[in-house]
Amino acid sequence: MSKNEIPYKIYLSENELPTSWYNVRADMKNKPAPLLNPATHEPLKFDDLRPIFCDELIKQELNDTDAYIPIPKEILEFYKMYRPAPLVRAYCLEKKLGTPAKIYYKFEGNNTSGSHKLNSAIAQAYYAKQQGLKGVTTETGAGQWGTALSMACSYVGLDCQVYMVKCSYEQKPFRREVIRTYGAQITPSPSDTTEVGRKILQEFPGTTGSLGCAISEAVEAATKQEGYRYVLGSVLNQVLLHQTVIGLETMTAMDKYGIKPDVIIGCAGGGSNLGGLISPFMGRKLRGEADYQFIAVEPASCPSLTRGKFVYDFCDTGHVCPLAKMYTLGSEFIPSANHAGGLRYHGMSAILSQLYDDKLMEARSVVQTDVFKAAQEFARVEGILPAPESSHAIKVAIDEALKCKETGEEKTILFGLTGTGYFDMYAYKAYNDGTMGDYIPTDEDIAKGLAGVPRFPGNEF
Ligand SMILES: *Cc1c(COP(=O)(O)O)cnc(C)c1O
């Protein structure tokens, strides 16, 4: 197919939207390990999880067998407000780089939350409402998840309480106001509104908080209020499942134009956008129908896949959550304070961890000044001001395209552009001012984090 036949932006029509999510676990030979009770180390069953999560979402969390899970009509209606998302051919970036590679990106920043998070937020809010609950609690780091969830909750008519990591709460006052505009209550974490928050404040006075700590507070808040449940914007199997709309749309669009990606790249924080983008393609690879190279990109300052261990670990700092088997840096690992690029979670999705351990996916870590350089280069030619998180994927897509320039290979590169960076201007400012530094944890720092991983029979490392 000649270049001119492929438009800059491939938009599917509404009736080409996927009507089911794809559950890659059904095609995985080695299933992700089950969540464990932190006290007994027994696998958690449906009833164990009911005090924390909504019933329907627990079923999705535990479902390793159904390949397709229908998307309820009401969620599809909501998706239609901002989906299908465009698949863009980065002609201008290709030209600027002088590469023979073809570069595509799937753009998830076309909604007010500014990221892909809304794809799961609406599903979680919908199931909570269906169950007759009053509200949900959650944590937010950079703020995109809190925004997405507040949007979804106001749409379905559900109370929403957000614990926002204190340093983000202070650094991103406008993010906070967007969340309040959608009617959610927002509390900087750690706070004195929960037992675990008070304990953390006492132990670490002056702490600016972490995701792991905000999760502990949100879980406690959910279990202590009648009619409330906790929801999470990444990491969990159910979240990856909802995010497969990204990959399914991309696959439909590419198949329609006869495009086959050779390399598929995504940034990885807790793994939901990457898992969502690659799942349908990974399914083809697992079933032996096609082959692709998958690359997860993480910050060098929070390198869970590239330097962590694949073991059971706590999901949160307060240790109130189940144990998950994942690549982890330890629940007490906190990335350097000067780290500005997001993707700060200490662990990684159990599904992606298993795929990585099975060598079905690669991982790379990149330093933040390189990430912002790539962001700037991309913004100047493609127009979109990318989120720092997304720019990790841009950086590696550019690296791969430049490799093609050397070898003359005409590879097709696909990456996930997860969102926009309008609320990250302090980070851009630091880069533009030349004051941004890179911090790579020493082996000692990594060992210190890993020392907090629980050891029990079967979990030695
Ligand atoms: C939350 C977020 C990420 C990282 O989360 P994953 O679960 O790893 O996808 C990446 N990009 C943006 C814009 C985000 O908001």
Side-chain angles (χ1 to χ4, degrees), residues 85 105-121 124 138-151 162 164-165 168 172 175 178-179 211 214-215 231-247 264-279 294-299 302-305 315 324 326-327 335 339-353 355-356 361 363 365-366 371 375 378 384-396 415-424 427:
Y105 58 89
K106 179 71 169 169
F107 181 49
E108 290 291 322
N110 269 338
N111 70 77
T112 299
S113 81
S115 83
H116 64 286
K117 301 255 182 1
L118 198 54
N119 300 331
S120 184
Q124 299 195 45
T138 198
E139 75 297 326
T140 196
Q144 288 93 314
W145 169 244
T147 309
L149 189 69
S150 63
M151 290 171 72
V162 180
M164 185 165 185
V165 177
S168 302
K172 296 186 169 188
R175 197 31 108 189
V178 178
I179 296 175
L211 266 181
I215 294 174
V231 295
L232 179 62
S234 182
V235 188
L236 295 174
N237 298 341
Q238 56 186 275
V239 183
L240 257 75
L241 177 75
H242 306 145
Q243 294 298 355
T244 61
V245 288
I246 304 172
I264 307 179
I265 301 164
C267 64
S272 73
N273 87 82
L274 177 67
L277 174 66
I278 70 173
S279 275
F294 300 103
I295 309 174
V297 190
E298 57 183 18
C302 192
S304 44
L305 287 168
C315 294
M326 56 186 177
Y327 275 86
H339 170 68
L343 312 174
R344 310 169 64 102
Y345 189 59
H346 66 274
M348 183 56 62
S349 137
I351 296 174
L352 290 186
S353 292
L355 292 169
Y356 177 62
M361 179 182 88
S365 72
V366 290
V371 167
F378 182 83
I384 295 169
L385 183 86
E389 293 90 340
S390 323
S391 306
H392 288 72
I394 298 175
K395 160 71 182 139
V396 169
F415 72 91
L417 188 68
T418 50
T420 47
Y422 305 119
F423 291 102
D424 299 284

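Counting starts at 1 for both ligands and their atoms, following the listed order.
- A side-chain donor-acceptor contact under 3.5 Å links N273 to the backbone of C267.
- With hydrogens and angles disregarded, a donor-acceptor distance shorter than 3.5 Å links the side chain of Q124 to the backbone of L232.
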For ligand 1, which of its N or O atoms have a protein N or O partner closer than 3.5 Å, and how long is each gap?
{"residue": "ligand 1", "atom": "7 (O)", "partner": "S234", "partner atom": "OG", "Å": "2.5"}
{"residue": "ligand 1", "atom": "7 (O)", "partner": "S272", "partner atom": "N", "Å": "2.9"}
{"residue": "ligand 1", "atom": "7 (O)", "partner": "S272", "partner atom": "OG", "Å": "2.7"}
{"residue": "ligand 1", "atom": "8 (O)", "partner": "G269", "partner atom": "N", "Å": "2.7"}
{"residue": "ligand 1", "atom": "8 (O)", "partner": "G270", "partner atom": "N", "Å": "3.1"}
{"residue": "ligand 1", "atom": "8 (O)", "partner": "G271", "partner atom": "N", "Å": "2.8"}
{"residue": "ligand 1", "atom": "9 (O)", "partner": "H116", "partner atom": "NE2", "Å": "3.1"}
{"residue": "ligand 1", "atom": "9 (O)", "partner": "S272", "partner atom": "OG", "Å": "3.3"}
{"residue": "ligand 1", "atom": "9 (O)", "partner": "N273", "partner atom": "N", "Å": "2.8"}
{"residue": "ligand 1", "atom": "9 (O)", "partner": "N273", "partner atom": "ND2", "Å": "2.7"}
{"residue": "ligand 1", "atom": "11 (N)", "partner": "T418", "partner atom": "OG1", "Å": "2.7"}
{"residue": "ligand 1", "atom": "15 (O)", "partner": "K117", "partner atom": "NZ", "Å": "2.6"}
{"residue": "ligand 1", "atom": "15 (O)", "partner": "Q144", "partner atom": "NE2", "Å": "3.3"}

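- Within the 3.5 Å criterion, the main-chain N or O of Y327 finds a donor-acceptor partner in the side chain of S353.
- Between T418 and S390, the side chains place a donor N or O and an acceptor N or O closer than 3.5 Å (distance only, hydrogens not considered).
- Donor-acceptor pairing under 3.5 Å is recorded for the side chains of N119 and Q243.
- Scanning for ring pair (Phe, Tyr, Trp, His ring centres under 6.0 Å) contacts around Y345 gives an empty result, with sequence neighbours left out.
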